[in-house]
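Protein chains get the first letters and strands the later ones, always in sequence-line order, with residue 1 at the start of each.
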2 protein chains.
Amino acid sequence: MEFGWNNRADGPPDAKLSRGARAANLPGRPLEQTQSHRAGPTYLSGDLVTLDAGAEVIAERSSGRHIWLIRSGILRLQRFSFDGRRQILALALPGEIIGYETPWRSGLSVETATRAKLCRIDRRDFEDRLDADAVLRREFAAQQQDHIERLRWLTCSIGSLRPEERLSAFLALATCCMPYQPLPDGTAVLTMLISRADMADLLATTMETISRVTHALEEDGVVTIVDPAHFRIVDLKKLAALGRISDSFEDMATRLKQPRDRCFLRAWSCGSCVSRSAC
Amino acid sequence: MEFGWNNRADGPPDAKLSRGARAANLPGRPLEQTQSHRAGPTYLSGDLVTLDAGAEVIAERSSGRHIWLIRSGILRLQRFSFDGRRQILALALPGEIIGYETPWRSGLSVETATRAKLCRIDRRDFEDRLDADAVLRREFAAQQQDHIERLRWLTCSIGSLRPEERLSAFLALATCCMPYQPLPDGTAVLTMLISRADMADLLATTMETISRVTHALEEDGVVTIVDPAHFRIVDLKKLAALGRISDSFEDMATRLKQPRDRCFLRAWSCGSCVSRSAC
DNA sequence: CGGCATGTTGAAGAGACTCAATAAGTGTGG
DNA sequence: CCACACTTATTGAGTCTCTTCAACATGCCG
């Protein structure tokens, strides 16, 4: 079974499709709303929660009593610096666990970057389960490892690549974890699920630079901008080369595409989740 | 027992003391030498190895069969980008395990940043031991967590701080893991064990900028440059504030100062190591 | 239609890099 | 002990990328 948005019954709704994307029958991107849908103590353990984009999932100073399994959507792990600037440290994808970071002090917070469905899990529960189940343990260790490697990629990119190179790499990798619909001519259309601001804060640059660089890539004929949320990837190989990840692209792609969710989703498909087909 | 260089019998030799430092009776910094002392398959498992600064410990494409316990000295985990530029992703300190990164492909390598004593351990051995010993397992997990947090700090610093701020934070943190000798007047002298080039490549800037910023900090009266390898820290609080880590300094300091080595050093004090007092 | 959020474009300025020259310190040889 | 080679660190000048700030465009929704 392949892991991909195109095969999902609960893919993003078509509500915010631009004219161009609607005509081409492409998936739309959910609307970002700053609706602070706080995760209060009202949800039962294992309960399914649906949040709009921009909702706070874990506050900077949180008890850390709960962790979250992502069923759909994308979350961002971020930190605000003294002057209000934001650095996104990681995007978390469906099937991944987020919030297990030890004592939740270091000024990190987690928000939804898109509309998302989450499963809240009690930390104690989670640890007990992991202790008892070697398969889960192994899966979780693999996730942690993936997390570290992505963070290392990010650090190296920010440290020694130019914004254009970082963005190229990001777009190339995004084809592995965002809707990516092939076209008859061999190219394919990527649906960018996160906002320009999120891209900028992940890649440690500004919205303006992202915009400029995107258009520069279009000039170079590597991508075409269908509309702000849809890029036609003309030359994925070249994109990876520009992003300096030609060598590691296969590896990174495999990990991003992995059906990470299987065992966790099975493990926590009980409770209120089991009653919904979306799970 | 406190973790500190000043208490160590095997601290850095005084051979390379500058005039100023020698007069003040400060510890010296070992000489950087590009002597590529490859770790061949001749060492026995658990064997103690002494390497000069600049020696390759793990090559970019390594089998990953061995991991290393650092007994003294500092190692650097690094990656070279396409144009030969280097990004240091982490410094590894005494008591820490390095080289456990899964399949050793992603272009990472490990070298000594100072003269170092290492203990080579067979990966299988290590894993078996970890499986059997909950204390070791916990210690190792804590190390991994520390590693992630430091990497996150680095990412945020590079992403949203200026070189001067990054360096300030680094100097403040260095007081926790490099020789730091208090003076009667309340200030203290930090011995910088790594080279300007390493500082630059860790903080994602250039040697020139490091030099300029260092002198700017001296202008501001936060530090005094005794000689290239010795800084008198006049105002540690202000340094941390400049580095934007006032809030988290205590936390980070505690973790850097932790006697990380105890259980690992005990666990692998057998074999050839036990016969040397340096262990 | 107007309000609002998001995204794009332009112009100016600053910060950091590059390149090059110089200084300081170390080790070697005679 | 000193001259020499060599590494490491510092300083200077010029350049350029990227940010900043501002205006403008676009799309969505009431």
- prompt: Could you give the CG-to-C1' distance, from B/L217 to D/dT10, as a whole number of Å?
  reply: 15 Å
message: Let's test your reading of the model: under 3.5 Å, does the base of C/dC19 pair with the side chain of B/E208 as donor and acceptor?
response: yes
message: Closest approach to the side chain of A/P228, judged atom by atom: which nucleotide of C/dC17, D/dT10, C/dG7 is it?
response: C/dG7
- line: Separation of C/dA16 atom C1' from B/L161 atom CG, nearest Å, is 15 Å
task: Ignoring hydrogens and angles, state whether a donor on the side chain of A/T209 or A/T206 is under 3.5 Å from an acceptor on the partner side chain.
output: yes
task: Check whether any side-chain heavy atom of B/I148 lies under 4.5 Å from a side-chain heavy atom of B/W153, and answer yes or no.
output: no
message: Could you tell me how far apart B/M207 (CE) and D/dT11 (P) are, to the nearest whole angstrom?
response: 12 Å
message: Distance check needed: C/dG10 C1' versus A/H215 NE2, whole Å only.
response: 14 Å
- prompt: Among C/dG7, C/dC17, C/dT9, which is the nearest nucleotide to the side chain of B/R212?
  reply: C/dC17
query: Where the side chain of A/R196 is defined as all heavy atoms beyond and including C-beta, which of C/dG10, D/dT11, C/dT8 is the nearest nucleotide?
result: C/dT8
task: May I have the distance from A/M192 (atom CE) to C/dG7 (atom P), rounded to whole angstrom?
output: 11 Å
message: Is a donor from one side chain sitting under 3.5 angstrom from an acceptor on the other, for A/E111 and A/Q78?
response: yes
query: Whole-Å distance between C/dA16 C1' and B/E165 CD?
result: 14 Å
message: Both A/R166 and B/I210 contact DNA chain D. Taking the nearest nucleotide for each, which residue is further toward the 5' end?
response: B/I210
task: Could you tell me whether A/E96 and A/R150 have a side-chain N and a carboxylate O separated by less than 4.0 Å?
output: yes
field: Euclidean distance, atom CZ of residue B/F231 to atom P of D/dA9 [Å, nearest integer]
entry: 9 Å
field: Euclidean distance, atom CG of residue A/D201 to atom P of D/dT19 [Å, nearest integer]
entry: 11 Å
- prompt: Closest to the B/T209 side chain: D/dA9, D/dC18, C/dC17?
  reply: C/dC17
message: Using a 4.0 Å heavy-atom cut-off, does B/T205 contact any base of the nucleic acid, only the sugar-phosphate backbone, or nothing at all?
response: sugar-phosphate
statement: Closest of D/dA9, D/dC18, C/dC17 to the A/P163 side chain is D/dC18
Options C/dT8, C/dC17, D/dT17, nucleotide nearest the side-chain atoms of A/R162: D/dT17
task: Check whether any side-chain N or O of A/T206 sits under 4.0 Å from OP1 or OP2 of D/dT19, and answer yes or no.
output: yes
Ion pair B/R232/B/D185, N-O distance below 4.0 Å: yes
